[in-house]
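Source: prediction; values computed, not measured.
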Amino acid sequence: MKEWRENSVMKNRWPAAYKIIDELEQAGFEAFVVGGAVRDFIRNAPVNDVDITTNATPDEVKKIFTHTIDVGIEHGTVLVVLDEPIEVTTYRSESTYSDFRRPDGVKFVHTLTEDLQRRDFTINAMALTKEDELVDYFGGRQAIEAGIIQAVGNPQLRFSEDALRMLRAVRFSAQLNFTLDSETFNAIRSLHALIGHVSIERVKVELEKIWLSEFPYKGMKLFVDSGLSSIFPGDWERNLQSWVNFSSFNLKANGWAFFVLIQSIEENDINELLNHYKCSNDEKKQVKNVIQAVHNLLNGAWTVDELFQYSDEVLRVAYHYGKSILSNCIALPLEEFLLQKRAIPINSKKDIVVNGNDFMQWANKKRGPWIKEVLDILTSMIVNGQIKNDRHDIKEWFSREYLH
């Protein structure tokens, strides 16, 4: 390894990682930045997380650094906290994977080569010294330059070890706009049924990353063509072409809304489908709002009450889905609908100058369902300009309609 240089680029770019590697080396160990950070550095792309690998054991790492957290010590990982927290993992190899997801055991090894050869794809199996020297035993840089996702070594073995890697290959293709290496793709087709051993929560995360990527259709096509989609509920293949028009609008729940919209299922089955994929209550609420807004739009326009009901975000998503997938007979451009919405006197029921306590006092009645009924009628009247959001006007209206 070359001697330390005063103007090391990594020292300026990832100072915390540089310090950790430097201290490990001063203690007599090897250490490198590995994984996605190296891949994105080679691609000149923004780097989010920096991970380090070393031949020091977790106990040896903990003796060197004063502030560490045992985040995955059974797998050789310690979180070292300097200016920022960074995962430091001991060189390791993994034994058999009887559940096709997690190794039955982890063994610490002595060389970087042994550690890198257990990784999933060549683009993720590179290392970087603190002097920015690339260690690339498996052709990761060449794969990046060629735009190819290629398994490290034998793809059949890599995917048999961890079946989620098959879906990760699809996801990386969508995120990076890379092509799947033919041998890697054929291995996925051959072993696609193994994805059924992976928890649906992990599958959900990968699907959402595909939908949030710049090339979601590419990912969905590979998802279908590889056979992976056949293991999961939903009519993925028949509706594949619809994903050409898809945009997530940077919200993962919109992927589920789109997915549900292109299914031929009854409304009662929507919840069951979303429950299978472990969607949260907030995600289900977003899906429900988008779907309702799309269906309301099918008549050609949203009413003022409907514009009031939905957020600008839901309206934008629903307009795009409705126009590009379900109907081209929408009367107005989106901006016209949004102008109509901005002209509504209130943004929510909270903006109304009276509340249920006022109704109870004026009517001398106890609280009950009747309050919500009155408030709903009043809200619609204000929204449609039939009454001003004025306390005096509202009291007069209430007295005329409800006090006899």
Side-chain angles (χ1 to χ4, degrees), residues 34-36 39 51 72 74-77 89 92-107 114-125 138 140 143 148-176 178-213 215-216 218-237 240 252 255-256 259 273 275-279:
V34 288
R39 177 194 69 229
D51 297 322
E74 69 278 8
H75 299 298
T77 300
T89 303
R92 72 188 195 199
S93 67
E94 294 157 347
S95 60
T96 56
Y97 292 66
S98 56
D99 67 353
F100 303 100
R101 180 69 190 100
R102 298 176 187 84
D104 298 325
V106 170
K107 182 178 77 171
E114 293 173 280
D115 181 83
L116 294 178
Q117 70 185 11
R118 70 174 173 82
R119 296 175 184 266
D120 51 8
F121 309 111
T122 60
I123 63 171
N124 296 331
F138 306 103
I148 291 174
I149 305 295
Q150 182 178 30
V152 175
N154 184 337
Q156 297 266 346
L157 180 59
R158 292 288 84 79
F159 299 142
S160 296
E161 290 169 345
D162 181 353
L164 185 64
R165 287 171 171 166
M166 297 186 288
L167 192 47
R168 279 169 56 84
V170 171
R171 186 250 293 180
F172 281 125
S173 293
Q175 288 180 323
L176 306 177
F178 281 15
T179 302
L180 275 185
D181 161 72
S182 59
E183 188 178 357
T184 299
F185 177 72
N186 289 335
I188 297 174
R189 290 199 57 152
S190 171
L191 300 174
H192 72 272
L194 295 182
I195 197 70
H197 293 279
V198 177
S199 72
I200 199 65
E201 290 89 348
R202 301 302 296 270
V203 171
K204 177 177 183 286
V205 168
E206 295 299 323
L207 285 173
E208 289 167 351
K209 287 180 178 179
I210 292 171
W211 295 335
L212 290 170
S213 74
F215 303 93
K218 185 185 188 80
M220 298 316 297
K221 189 171 191 317
L222 285 171
F223 184 55
V224 170
D225 291 348
S226 64
L228 291 170
S229 67
S230 66
I231 305 302
F232 304 105
D235 194 348
W236 299 96
E237 185 172 358
L240 174 61
K252 62 183 183 179
W256 295 108
F259 170 62
L273 189 64
N275 285 337
H276 177 86
Y277 288 99
K278 307 294 185 182
C279 290

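Within the 4.5 Å cutoff, no side-chain heavy atoms of F121 are placed close to those of F178. Between F259 and L273, some side-chain heavy-atom pair lies under the 4.5 Å cut-off. Counting only heavy atoms from C-beta outward, the side chains of M220 and V224 never approach each other to under 4.5 Å. Residues Q117 and S93 are not in side-chain contact: their nearest non-hydrogen atoms beyond the backbone lie 4.5 Å or more apart. Two residues are said to be in side-chain contact when any heavy atoms from C-beta on lie closer than 4.5 Å; F185 and T179 fail this criterion. By the 4.5 Å heavy-atom criterion applied to side chains, W236 and L240 are not counted as neighbours. Put simply, the side chain of L194 does not reach to within 4.5 Å of the side chain of F159, judged on heavy atoms.
S173 places a side-chain N or O within donor-acceptor distance of the main-chain N or O of A169, the cut-off being under 3.5 Å. Side-chain N or O atoms of Y277 include none that pairs as donor or acceptor with a backbone N or O of V203 at under 3.5 Å. Of the possible donor and acceptor atoms, one in the side chain of D115 sits under 3.5 Å from a partner among the backbone N and O of R92. Looking only at distances, no side-chain donor or acceptor of S160 sits under 3.5 Å from a matching main-chain atom of L157. Looking at H192, its side chain does come within 3.5 Å of a backbone N or O of R189 through a donor-acceptor pair.
With rounding to the nearest 0.5 Å, the separation of CG in L222 from CD1 in I188 is 8.0 Å. Atom OG1 of residue T122 and atom CD1 of residue I149 lie 7.5 Å apart, to the nearest 0.5 angstrom.
Pairing each heavy atom of R118 with each of R158, the nearest pair is O-NE, 4.3 Å. In terms of heavy atoms, T184 sits closest to Q150 at OG1-CA, 3.6 Å. Closest non-hydrogen pair, I200 versus K278, comes out as CG2-CG, 3.3 Å. Closest non-hydrogen pair, L164 versus I195, comes out as CA-CD1, 4.1 Å. Contact detail for R168 and N124: the closest heavy-atom pair is NH2-ND2, 4.1 Å. Minimum interatomic distance between G219 and I210 (heavy atoms only, all atoms of both residues): CA-CG2, 3.9 Å.
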Query - Working for side chain to side chain contact (heavy atoms under 4.5 Å, CB included), residues V34 and R119 - result: CA-CA 10 Å; V34 288; R119 296 175 184 266; 3.8 Å; yes

Query raised in the report: Could you go step by step and tell me if D162 and D120 meet the side chain to side chain contact (heavy atoms under 4.5 Å, CB included) rule?
Result: CA-CA 9 Å; D162 181 353; D120 51 8; over 6 Å; no

Query raised in the report: Between L167 and V198, does a side chain to side chain contact (heavy atoms under 4.5 Å, CB included) hold up when you go through it step by step?
Result: CA-CA 10 Å; L167 192 47; V198 177; over 6 Å; no

Query - Residues E206, F223; criterion side chain to side chain contact (heavy atoms under 4.5 Å, CB included); working and verdict - result: CA-CA 11 Å; E206 295 299 323; F223 184 55; over 6 Å; no

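Within a 6.0 Å sphere centred on CD of E237, other residues, nucleotides and ligands contribute 12 heavy atoms or fewer.
Contacts of K252 classified as salt bridge (Lys or Arg N to Asp or Glu O under 4.0 Å), with partners at least two apart in sequence or in another chain: E208, E283.
For residues 222-232, every residue pair satisfying the side chain to side chain donor-acceptor pair (under 3.5 Å) rule, not counting sequence neighbours, is listed here: K221-D225.
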